[in-house]
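Residue numbering restarts at 1 for every chain, and letters A, B, ... go by the order of the sequence lines. As a basis for the values below, the full set of heavy atoms in this structure was taken, side chains included, without hydrogen atoms, waters or symmetry mates. Worth saying up front: this structure is predicted, and the values here are computed from it rather than measured.
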Amino acid sequence: MKLWSQYFIPTLKESPADAEIASHKLLVRAGLVRKLGGGLYTYLPLGLRVIQKLTQICREELDAAGAIELWMPHVHPAENWQQGPRWAAAREIMFRADSAGDGKRGPREPEFVLGPTHEEVITPLVKAEITSYRDLPKNFYQIATKFRNEIRPRYGLMRAREFIMMDAYSFDVDDNGAIKSYHAMKAAYESFFRRVGAHTIAVEADTGVMGGSFSHEFMVPAEVGDADVIYNDESGYAANREKATSALVPADFVDAAPGGALEEFPTPGVVTIAALEAAPFSVPAEKQFKTLVYIGEGKPFLVILRGCDELEEAKLGALGFAVFRPATPDEIEPVLGAKPGSLGAVKGTIKNAAALAGVFADQAIRLVGDGTTGANKDGFHLRNVNVARDLAVTKFGDFRRVRPGEPDVKSGQPLQVRRGIEVGHIFILGTKYAEKYGAAYTDDQKQSHLMVMGCYGIGISRTMQAIIEHSHDADGILWPWNCAPFHVLVCVLDPQLPEAMEIARKLAAAAGRAGADVLVDDRAERPGVKFKDADLIGIPLRLTIGGKGLKEGIVELKWRAQKDVAKVPLADAEARVAAAVAEAQA
RNA sequence: CGGGGUGUAGCUUAGCCUGGUAGAGCGCCUGGUUUGGGACCAGGAGGUCGUAGGUUCGAAUCCUAUCGCCCCGACCA
């Protein structure tokens, strides 16, 4: 039991100017957090209590799933990362953790970095400590602070530079073992999110090395989410926009036969899809090819899409380049022979085809049949470009961004889109890290094999905010019972009356015995202030004890989420409170 | 990092365009009246106007630079 007057809950009437969304405003107004700097927050006592509830439930679920808790350093030798597969890609978002020095030394490679995640630490550990199949599988986790120098911290805890995350890493003898570990974690996640009252949906995400459906993100639907979920309720299909596909090209689709010979025609000044759509050319975007040039690990490659489609850049990850970026016009011209706006991938028109690392085409271009594309000659395009006959495609794939309304791959029903907050992610990593760090084991035939890894994350602090985002009203937060900072608020309107405080203590004790965490508002404030604060901080069950009620011999019992107030005779109050707590816990 | 904003008391802000004594509300302190949904009266404390240069007789206000913060884009739990 805590007395409000002796605790620390700095509530605010007004929202801070830098808070944009409801959950961010409420985090600050309800006295859960305070900002230190961009993306850096102090967890005040109330906020910390919520975090502790979440971590405890998370721990229970993971332990039940067979995962083992440990604790790793957050200052990592940069060397660990330099040995790993993603130093080049990850260093941008990593904090360096060297001596602050005197600022006089010039730039140099960092000696230490702050951990944004821990594959680079856990894998060498497991390599050193586990060498036999007898010691596998293992799944290690920690619940700890993570550091990412976010390019743009945003929305309070939603995207912070320092945040609290559960991260787990599974090690198995083979793919089947990894899949088993994966499903155990998926079940643990579902149980965790259900228990804490976060209504998540599991959506398919980028699967990386394994393919299939071995990556899921857990999303809390919310307008302010920063990820798009493409879904169809009937078929149950749900995928991150970066991953989502549609049945745009029927499985039995047969490419059209060439309709005519290639023909070059002048298009002075035409450098956009839209300009080619307009008169006098009047080529619909669906009949155009869009040719994009990227640089992957130093080498240029082409991506071809329909003129009407957008590239989903994340899908280029499937091509296997560690780092890639759009090419600049200066880089494009020497390779293709023209400036952007007149580019194409037709055989024989590419100035220096040998320089290309590949020509990757979205499968939807097959629908185009005979289309129009740049001639790799400024001011000229080609028509009657037939995919099969004229394009030198290295590999077809799925590179376009899905649009709502397209047919679902499962049911053919139209896809829909909604926004969500990503609060968890599970992923089978394969042997990518095991290979780099030499994490191998010996099987019962004395053969050595690489371990197959999985990694799993839950954004604990983000989950706290996501819960607020979908569980609040105009007056404040509505905490789900299991993650509420306190379960019961005993609101004493006349704390100067010894009788009132005595009853408050009695009821608080009764609630406590029933298993509730109790906060007693004993402040010498006016009732209005107390009620407003009570609604703001959102404790699920409120008991009100006031001079008026005491004269009638009653106390009031009110659920934060409901309007009605129950008047309970003093004699029954302890039993009623205990029953209410028991009911809420069930 | 690109684009757009913004910085005035613990919080929310007016004043800036058109240079001339820094204002309000909330919160805080004192006293009084109040007391079931953010009370009222009286008094009070609290501000290098983000920072550094510049223009000017004079700068919160105009100019330059710089830093912080917020929003839009690429990244992620």
From the candidates B:rC76, B:rG38, B:rC70, the one with an atom nearest any side-chain atom of A:Lys532 is B:rG38
Taking the same atom, C1', in B:rU48 and in B:rU8, what whole-Å distance lies between them?
-> 12 Å
Figure out the CZ/P separation between A:Arg401 and B:rG73, and round it to whole Å.
-> 11 Å
A:Asp533 near the nucleic acid: base, sugar-phosphate alone, or nothing, with a heavy-atom cut-off under 4.0 Å?
-> base
Closest of B:rU12, B:rG38, B:rG36 to the A:Ala17 side chain is B:rU12
Which part of the nucleic acid does A:Thr117 contact within heavy-atom distance under 4.0 Å: base, sugar-phosphate only, or nothing?
-> nothing
Check whether more than 12 heavy atoms from other residues, nucleotides or ligands sit under 6.0 Å from atom CD of A:Glu310, and answer yes or no.
-> no
Pick base, sugar-phosphate or nothing for A:Met219, based on heavy-atom distances below 4.0 Å to the nucleic acid.
-> nothing
What integer distance in Å separates A:Arg241:CZ from B:rC75:C1'?
-> 17 Å
If you look at every strand shown and take non-hydrogen atoms under 4.0 Å, does A:Lys530 touch a base, only sugar-phosphate, or nothing?
-> nothing
Please indicate whether A:Arg505 has more than 12 foreign heavy atoms, meaning atoms of other residues, nucleotides or ligands, lying under 6.0 Å from its CZ.
-> no
Has A:Lys558 got more than 12 heavy atoms of other residues, nucleotides or ligands less than 6.0 Å from its NZ?
-> yes
Between A:Lys530 (side chain) and A:Val492 (backbone), is there a donor-acceptor pair under 3.5 Å?
-> yes
Using a heavy-atom cut-off of under 4.0 Å over every strand shown, decide if A:Glu525 touches base, sugar-phosphate, or nothing.
-> nothing
Gap between atoms CD and C1', on A:Glu14 and B:rU13 respectively (whole Å) | 8 Å
Are A:Lys548 and A:Asp494 close enough for a salt bridge, meaning some N to O gap below 4.0 Å?
-> no
To the nearest Å, how far apart are A:Met165 CE and B:rC76 P?
-> 13 Å
The reported gap from OG in A:Ser23 to CD1 in A:Ile421 (rounded to nearest 0.5 angstrom) is 6.5 Å
With under 30° as parallel and over 60° as perpendicular, where do the rings of A:His199 and A:His470 fit, or are they tilted in between?
-> tilted
For nucleotides B:rC71 and B:rU61, find the distance between their C1' atoms and express it as a whole number of Å.
-> 25 Å
Would the number of heavy atoms belonging to other residues, nucleotides or ligands and lying under 6.0 Å from CD of A:Glu60 be above 12?
-> yes
Measure from the side-chain heavy atoms of A:Val529 and tell me the nearest of B:rA77, B:rG38, B:rC70.
-> B:rG38
Length of the CD-P vector between A:Glu312 and B:rG73, whole Å = 14 Å
Here the distance between atom C1' of B:rC71 and atom CE of A:Met158, to the nearest Å, is 16 Å
Between the base of B:rG38 and the side chain of A:Arg29, is there a donor-acceptor distance below 3.5 Å?
-> yes
Using a 4.0 Å heavy-atom cut-off across all strands, classify A:Gly424 as base, sugar-phosphate, or nothing.
-> sugar-phosphate
Can we say A:Lys432 and A:Glu119 salt-bridge, meaning some charged N sits less than 4.0 Å from an Asp/Glu carboxylate O?
-> no
B:rU33 versus B:rG47 - spacing of their P atoms, nearest Å = 32 Å
Could you give the distance separating B:rA22 and B:rC26 at their P atoms, to the nearest angstrom?
-> 24 Å
Within the structure shown, what part of the strands sits under 4.0 Å from A:Asp535 by heavy-atom distance: base, sugar-phosphate, or nothing?
-> base
Nearest whole angstrom, please: distance from the P of B:rG27 to the CG of A:Leu12.
-> 11 Å
Choosing from B:rG37, B:rC76, B:rG27, which nucleotide comes nearest the side chain of A:Lys13?
-> B:rG27
Considering only B:rG36, B:rA74, B:rU12, which nucleotide approaches the side chain of A:Thr544 most closely?
-> B:rG36
Taking atom C1' in both B:rG44 and B:rG36, what distance in whole Å separates the two?
-> 31 Å
Return the 5'-most residue of the pair A:Ile460, A:Gly37 with respect to RNA chain B, ranking by each residue's nearest nucleotide.
-> A:Gly37
Phosphate oxygens OP1/OP2 of B:rC71: is one of them under 4.0 Å from a side-chain N or O of A:Arg152?
-> yes
Answer yes or no: is there an ion pair linking A:Glu69 with A:Arg59, defined by an N-O contact shorter than 4.0 Å?
-> yes
Given B:rU12, B:rA74, B:rC76, the nucleotide with the shortest approach to the side chain of A:Arg148 = B:rC76
side-chain contact (heavy atoms from CB on, under 4.5 Å) partners for A:Glu242, two or more places apart = A:Asn240, A:Glu312, A:Ala314
Give one of base, sugar-phosphate or nothing for A:Tyr456, where a contact means two heavy atoms less than 4.0 Å apart.
-> nothing
Which listed nucleotide (B:rG37, B:rC76, B:rC72) is nearest to the side chain of A:Arg542?
-> B:rG37
Residues within residues 548-556 of chain A bordering RNA chain B, heavy-atom distance below 4.0 Å | A:Lys548, A:Gly549, A:Glu556
If you write RNA chain B from 5' to 3' in dot-bracket form, with Watson-Crick or G-U pairs under 3.5 Å, [ ] for crossing pairs and | for pairs with another strand, what do you get?
-> (((((((..((((......[..)))).((((((.....)))))).....(((((..]....))))))))))))....
Kindly confirm or rule out a cation-pi arrangement of A:Arg96 over A:Phe112, judged by NZ or CZ under 6.0 Å from the six-membered ring centre and within 45° of its axis?
-> no
Which residue lies toward the 5' end of RNA chain B, A:Val423 or A:Val565, if each is placed at its nearest nucleotide?
-> A:Val565
Heavy atoms under 4.0 Å, any strand shown: does A:Ala168 hit a base, just sugar-phosphate, or nothing?
-> nothing
Do any N or O atoms from the side chain of A:Gln142 and from the backbone of A:Met72 form a donor-acceptor pair under 3.5 angstrom?
-> yes
Among B:rU35, B:rG37, B:rC69, which nucleotide sits nearest the side chain of A:Arg526?
-> B:rU35
Nucleotide B:rC75, atom C1' - distance to CZ of A:Arg462 in whole Å | 11 Å
B:rG38 phosphate, OP1 or OP2, under 4.0 Å from A:Arg523 side-chain N/O = no
Does A:Tyr141 place a side-chain N or O at less than 4.0 Å from the phosphate oxygens OP1/OP2 of B:rA77?
-> no
Of the nucleotides B:rU13, B:rA77, B:rC71, which has the atom closest to the A:Arg159 side chain?
-> B:rA77
Please indicate yes or no: is the ring centre of A:Phe531 less than 5.5 Å from the centre of the six-membered base ring of B:rG38, with the two planes inclined by under 30 degrees?
-> no
